[in-house]
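In what follows, chains carry the letters A, B, and so on, assigned in the order in which the sequence lines appear, proteins first and then strands, with residues in each chain numbered from 1.
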Amino acid sequence: MPNRSSTTKIIFLLRLIEACIGSKSLKQGKIIHQCILKLIGEDFGSQSPHLDKLVRFYLSCNRHQLAHRVFNSIPNHSRKNKTILWNQIIRAYAWDGPFEKAVDLYNEMVDTGVIPTKYTFPFVLKACSTLQDVDSGVKIHGHAKRYNLENDVYVCTALVDFYVKCGYLVEAREVFDGMPRRDVVAWNAMAAGFSLHGLCLDAIGLVSEMQNKGVEPNSSTIVAIMPSIAETCRLREGRAAHGFCLRRDFHDDVVVGTGLLDMYGKCGKLVHAKHLFKTLALKNEITWSAMIGAFVTCDYVEEALELFKKMRMEASMTPSPVMLATVIRGCAKLNDLNVANQIHCYTFKSGYVSDIIVCNTLLSLYAKCGSMNYMIKFFQEMQAKDSVSYSAIITGCVQNGNAEDALQMFHKMQLSGFEPELATMMGFLPACSQLSALQHGICGHGYSVVRGFESNVSLSNALIDMYNKCGKIEEARLVFDKMHGRDVVSWNAMLVGYGIHGYGKEAILLFQNMQNEGAQPDYVTFVALLSACSHSGLVSEGKYLFHVMSQEFKILPRMDHYFCMVDLLGRAGLLDEAHNFVSTMPFEPDAHLWNALLSACRIHKNIELGEAVSKKIQSLGPSSTGNFVLLFNMYTTAHRWDDAAVVRITQKDLGFRKRPGCSWIEVNGIIHAFVGGDRSHPQFAMINKKLDELDVEMKIMGYSAESDFVYQDVEEEEKEKILLYHSEKLAVAFAIISLKAHKPIIVTKNLRVCGDCHTALKYMTIIAKREITVRDTSRFHHFREGICSCGEFW
DNA sequence: ATAGGGTTAG
């Protein structure tokens, strides 16, 4: 027990402490604390009122744990009356962490019998949302009711904020709707919540609602809904918000200004974004980042990189990982491996290679620059991977034509314990499309439904494409019909489906539906339509569509459209018309387009024009082996072996090789691939036996190997063998022996199906009594009872 | 306030 003189000393010391609270001098405070301890010994009890000051002092120095320790030394009967101190320590923990301690202390407070106040709840709830500790938050909500604070504006706003940040929007809305009085902070919390969870239209709607209710938005309101306006490209609302800021004088605030700048960038209004950037009095790193992002989004990558350089030089700011990710996203648009390597080096030097967001952006960069090797290598080097990393690499594989690797990565991802997300499925489903892997695709569909991804328009579009490419056009249409909101991609995907199945009339019908529903077609729509006409031989319809495209829909024809038209006219045998059409083009035709004409020349055996076209192609420089193959095929079809030989020699001299034909089929979720003459399949003996059987029966029915399709100058018997082992025949024979009779056979080929195979497959449908479908690079061939659905348009 | 993975055509 201290004596009188020590009491005087303590009082003196506590005065000193009070002074320290103002000056936040931790060192001096600690010394004074020691002095007090010496004076009063271990018996704090009687001195506890004075210890409050020490607690406050430590809190003012941000030493929550020390403050807490002093607070704990006060006996419980005395702590009971110190609600404000409880609140202050909880607040300190909720602000800076450790956040668990805020929740623990709150629980201790309630257990001690201290009644929390309306100021307690916002703090502890903030800690709960930071921890994503829903259980504690819900319990605390119960306490608020118990203490009759459920109608308090502060408490309710805190509850809304808590529920929103934990993703419980229904509960948030319930609390919000139940509030007897709502101030601007409450409205902002709700709007920010909608914004945060991508419910953009709800967020925007809420702001008009609040204005109708007579509550004036403030700058936080603007900041809260700006991302929603940006994401939905609601330029009208964006402009209105900008005007509001000008009238209220918010516009010079960095946060508001940056939000507006970002919104204009995302809405494609680069001029406005640039203007804001120029006029904003105070800019920070985020402002610069938003401006660079605006350039990238609007495809002004050079300008973005320039500004990035300028920032480092003139403003001498160091970029944050967020900014670096934006810059890398820009680099990806350049499709230049050198740039990719440069920015990778820069990232390495900057020390951000451990930032997962930056790393994932780098993955996507390499994927878009077409470098599978760098992408895989970097992926393996990454110390930390998450589901986004896997999604990026899956999409990267698909983008580079390695769908099988994509499926493997998808499998590996799950083994690593990551659940596929929406964007993962956006990579997985196109992989199934590419492979015609129907069984994987169906699993993906099921999973997407379970996860609720089906409501996403883009995902449904990917499903439509998957079913179309797997030959299940009816399923595709079911998905299409079930969709709530369709975008232009949905229509296009379905149109493409009809096109590749040879349903030209259905495509045109769907286009009419599209117009009736007021959907605006784009240039892809017309590519799809024209190619559908081409595959169905609808010449006049195609010509009409080409005409209305520019006249009515104001869409300028591009190379693809001209290509489709040449293809359409050429296949139909209108070679001169096709040739004339090319000469009317407003820009130079490319080799690809001439190829379409050359291909038509081959089908219709017009050697004269074919040679002229071929010369044209050669003058453009040999850009692909396709030219040689076509010319070669044309000569051989005409039995002009010498000319054919010259082409083959030239091709060899120039170092071009024919791409090997490859066909594959999915059996029980496993992809079996065959190349021409392939004997490597484990069941080759059985396949061979089946092929021989089929060959005998086909010949009885009148089939003779069309050796014209063998362009090697070898003996007739040898030619037959080569044809019999064409990859599509191998795949079909394998399918017949390994799939039950009622199962459909769907074979996919990486090139156009060969003419001899096309004939042979017709016989095979009769012999094997089953339907066979082959998807080649341009369309589906459904063989049934000796007929192919393509009607020889391929 | 800025930030990573995404659908259709050739």
- prompt: A:Y523 near the nucleic acid: base, sugar-phosphate alone, or nothing, with a heavy-atom cut-off under 4.0 Å?
  reply: base
- prompt: Contact class for A:D522 (heavy atom, under 4.0 Å): base, sugar-phosphate, or nothing?
  reply: nothing
task: Please assess A:L307 against A:M291 for the test side chain to side chain contact (heavy atoms under 4.5 Å, CB included), listing each intermediate value before the final yes or no.
output: CA-CA 8 Å; A:L307 193 66; A:M291 190 62 232; 3.5 Å; yes
task: Classify the nucleic acid contact of A:N284 as base, sugar-phosphate or nothing, counting any heavy atom under 4.0 Å across all strands shown.
output: base
task: Could you check whether A:V223 gets within reach of a base, just the sugar-phosphate, or nothing at all, counting any heavy atom under 4.0 Å?
output: sugar-phosphate
Aromatic contact, A:F308 with A:W288 (centres under 6.0 Å): no
Salt-bridge criterion met for A:K310 and A:E306 (N-O under 4.0 Å): no
task: Answer with base, sugar-phosphate or nothing: what part of the nucleic acid does A:K368 contact at a heavy-atom distance below 4.0 Å?
output: sugar-phosphate
message: Using a 4.0 Å heavy-atom cut-off, does A:S387 contact any base of the nucleic acid, only the sugar-phosphate backbone, or nothing at all?
response: base
- request: With heavy atoms under 4.0 Å as the rule, sort A:I356 into base, sugar-phosphate or nothing.
  value: base
query: If you look at every strand shown and take non-hydrogen atoms under 4.0 Å, does A:V322 touch a base, only sugar-phosphate, or nothing?
result: base
field: Passing candidate, ring pair (Phe, Tyr, Trp, His ring centres under 6.0 Å) with A:F546, options A:F563, A:F526, A:Y562
entry: A:Y562
query: A:L435 and A:T748: which non-hydrogen atoms are nearest, and at how many Å?
result: O-OG1, 3.7 Å
Table please: side-chain donor-acceptor pairs of residues 408-418 of chain A below 3.5 Å, with sequence neighbours left out.
{"unit_1": "A:S416", "atom_1": "OG", "unit_2": "A:Y390", "atom_2": "OH", "d": "3.0"}
{"unit_1": "A:S416", "atom_1": "OG", "unit_2": "A:K412", "atom_2": "O", "d": "2.9"}

message: With heavy atoms of chain A within less than 4.0 Å as the criterion, where does contact along DNA chain B begin and end?
response: B:dA1 to B:dG10
- request: Identify whether any heavy atom of A:K469 sits under 4.0 Å from a base atom; if not, whether one sits that close to sugar-phosphate; answer base, sugar-phosphate or nothing.
  value: sugar-phosphate
task: Tell me what A:L422 touches on the nucleic acid: a base, only sugar-phosphate, or nothing, going by heavy atoms under 4.0 Å.
output: base
